[in-house]
Every structure is written in C-alpha cells, then in structure tokens.
Amino acid sequence: QKEVEQNSGPLSVPEGAIASLNCTYSDRGSQSFFWYRQYSGKSPELIMSIYSNGDKEDGRFTAQLNKASQYVSLLIRDSQPSDSATYLCAVRFSGTYKYIFGTGTRLKVLA
Amino acid sequence: NAGVTQTPKFRILKIGQSMTLQCTQDMNHNYMYWYRQDPGMGLKLIYYSVGAGITDKGEVPNGYNVSRSTTEDFPLRLELAAPSQTSVYFCASSSLPGQGIVEQYFGPGTRLTVT
C-alpha cells in the first residue's frame, strides 16, 4: 500500500525563525509532490508543488525533493504567526490519478 | 469563476438516513475527487472520476456511492448513514494529470454529523 508519512507535531517555532516540515513516501515511482496549508475549519490550499529533485523556491517557501531518499520537505523562512496551520503533504504516484495525503503537521509560530 | 462549490455546508443526519452531498466545478476539469477528513487526520480518498460516466474507488469507498453524468457535477451519496461517517467531506477537481504538475482545487467542505 502506498503511504505518505508526516510527523503530526505540533512543531513550535518563534516568529522570524525557519520552520522545517518533512514528509516521507513509500513508492520510488512517485511523480508529483504537493504541500497544502490548511487553517482550522477551512479547505486545503496549495502552497508549493515539485516534481524534480532539488529545491524550488517561491517567496518565503522552499520545497526540497530527494527521490533517492524518498522525502520531500518544506521550509518556511521568516515564519509569521499567520503561518500557524496544518501542513499537508500529498503525493501523486506514477500510473494513477490519485493523490495520497499524509496526516499533516501542525505548525505553531509563536509571537 | 466560482471554482469548486459544495452544498450543504453543514448537515446532521440520524443513523440510517440517506443524503447526497453536491459538488460542482466550473473550470471544465476532467478529474474530480471526494475526500473525507476526520479530526486531526489527513484526507482519505473515497471515490474519484476521470470524466463523465467514469468513476473508481479510492481508499475508503464503503458506505458511499457516486455518479458522474456531467463534467461539472460529482455528487456523493450516503446510504444508511452510520456514526463512523461523521467527518468533513471535501470535493476537489483537477485538469488532466500528465500535463506537468497538476494542482487540485478544493471546495469549502461539508461538515456532516451522524447521531
């Protein structure tokens, strides 16, 4: 069974620090990787996507993918209290139209 | 563009009742998905569809049915509601996978309680 795993947290960081969120997946044939942010009571919102090994930066967010080690991470620089949310990792595995989600990591940014 | 819309926003069902959760998208997406999210958990795929008339099971399909008669609509039917179906239900859509990275767009969710 294809799996996506995340540490549930909470991960607490002070305002202005770098928050590092990690996700591992079970299938080497995975194709696309996504990070969603979900505020309490709201729907998931896509913040980053990546499919090639290496880093992808967008503003304060950097996604890092290492297919050999089967992990994908999200770095949030200059963390703000408004970044406090649950971050969901999702993987689309090769040969399917399905996206498998991790259980999410709760991030708390302390003012 | 309204994106993905879902109705109702909230619903309370008694055990054994049935209901349909509605989902509509106006982005002409071929792919549509139903997920459920239990408290403190990630999203579990219930059913998905790759186009009108084509549906397939996800990870947790038992107790649910779907149909896809049009590109825009993808209703989820609950028959004989059980307390285990208490959850938040999200509908999502995406364009054709395989064309680069394809993002899923989510609806606002339906919060369902079965008592």
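Values below: every heavy atom of this structure, side chains too, minus hydrogens, waters and symmetry copies. Numbered from 1 within each chain, the chains take letters A, B, ... in sequence-line order.
- With a threshold of 4.5 angstrom between heavy atoms, B:Leu45 approaches chain A through side-chain atoms but not through N, CA, C or O.
- Taking hydrophobic clusters as Ile, Leu, Val, Met, Phe, Trp and Tyr residues chained together by side-chain heavy-atom distances below 4.5 Å, B:Val4 does not share a cluster with B:Leu43.
- Residue B:Tyr89 is grouped with residue B:Val114 when hydrophobic side chains (ILVMFWY) are merged at heavy-atom distances under 4.5 angstrom, including chains of intermediate members.
- Neither the backbone nor the side chain of A:Glu45 comes within contact range of chain B; no heavy atoms are under 4.5 Å apart.
- Interface summary for chain B: among A:Gly41, A:Pro44, A:Ser8, the most heavy-atom pairs under 4.5 angstrom belong to A:Pro44.
- The 12-atom threshold is exceeded at CG of A:Leu110, counting heavy atoms of other residues, nucleotides or ligands nearer than 6.0 Å.
- Put simply, NZ on A:Lys98 and NZ on B:Lys57 are 11.5 Å apart, with the number rounded to the nearest 0.5 Å.
- Counting non-hydrogen atoms of neighbouring residues, nucleotides and ligands closer than 6.0 angstrom, the CZ atom of A:Arg60 exceeds 12 such neighbours.
- Looking at heavy atoms from C-beta onward, B:Gln37 lies in side-chain contact with A:Gln38 at the 4.5 angstrom threshold.
- A single hydrophobic cluster is seen to contain both B:Met19 and B:Tyr64, as judged by linkage of ILVMFWY side chains at heavy-atom distances under 4.5 Å, directly or through other members.
- With respect to A:Tyr99, the side chain to side chain contact (heavy atoms under 4.5 Å, CB included) criterion is satisfied by exactly one of B:Tyr35, B:Tyr31, B:Tyr48: B:Tyr35.
- With hydrophobic clusters built from ILVMFWY side chains whose heavy atoms lie under 4.5 angstrom apart, A:Phe61 shares a cluster with A:Val109.
- For the options B:Tyr105, B:Phe106, B:Phe90, heavy-atom pairs under 4.5 Å to chain A are most numerous at B:Phe106.
- Of the listed residues A:Thr86, A:Leu46, A:Val4, the one with more heavy-atom pairs under 4.5 angstrom with chain B than any other is A:Leu46.
- In this structure the side chain of A:Ile100 reaches within 4.5 angstrom of the side chain of B:Glu59, judged on heavy atoms.
- Contact residues of residues 68-81 of chain B toward chain A are absent (heavy-atom distance under 4.5 Å).
- With chain A as partner, the option from B:Ala92, B:Gly107, B:Gly42, B:Gly40 having the largest number of non-hydrogen pairs under 4.5 angstrom is B:Gly42.
- The hydrophobic clustering, which links ILVMFWY residues whose side-chain heavy atoms are closer than 4.5 Å, places A:Leu107 and A:Leu75 apart.
- A:Lys67 NZ: more than 12 foreign heavy atoms inside a 6.0 Å radius.
- Annotation: the span from B:Asp38 atom CG to A:Thr103 atom OG1 amounts to 12.0 Å, rounded to 0.5 Å.
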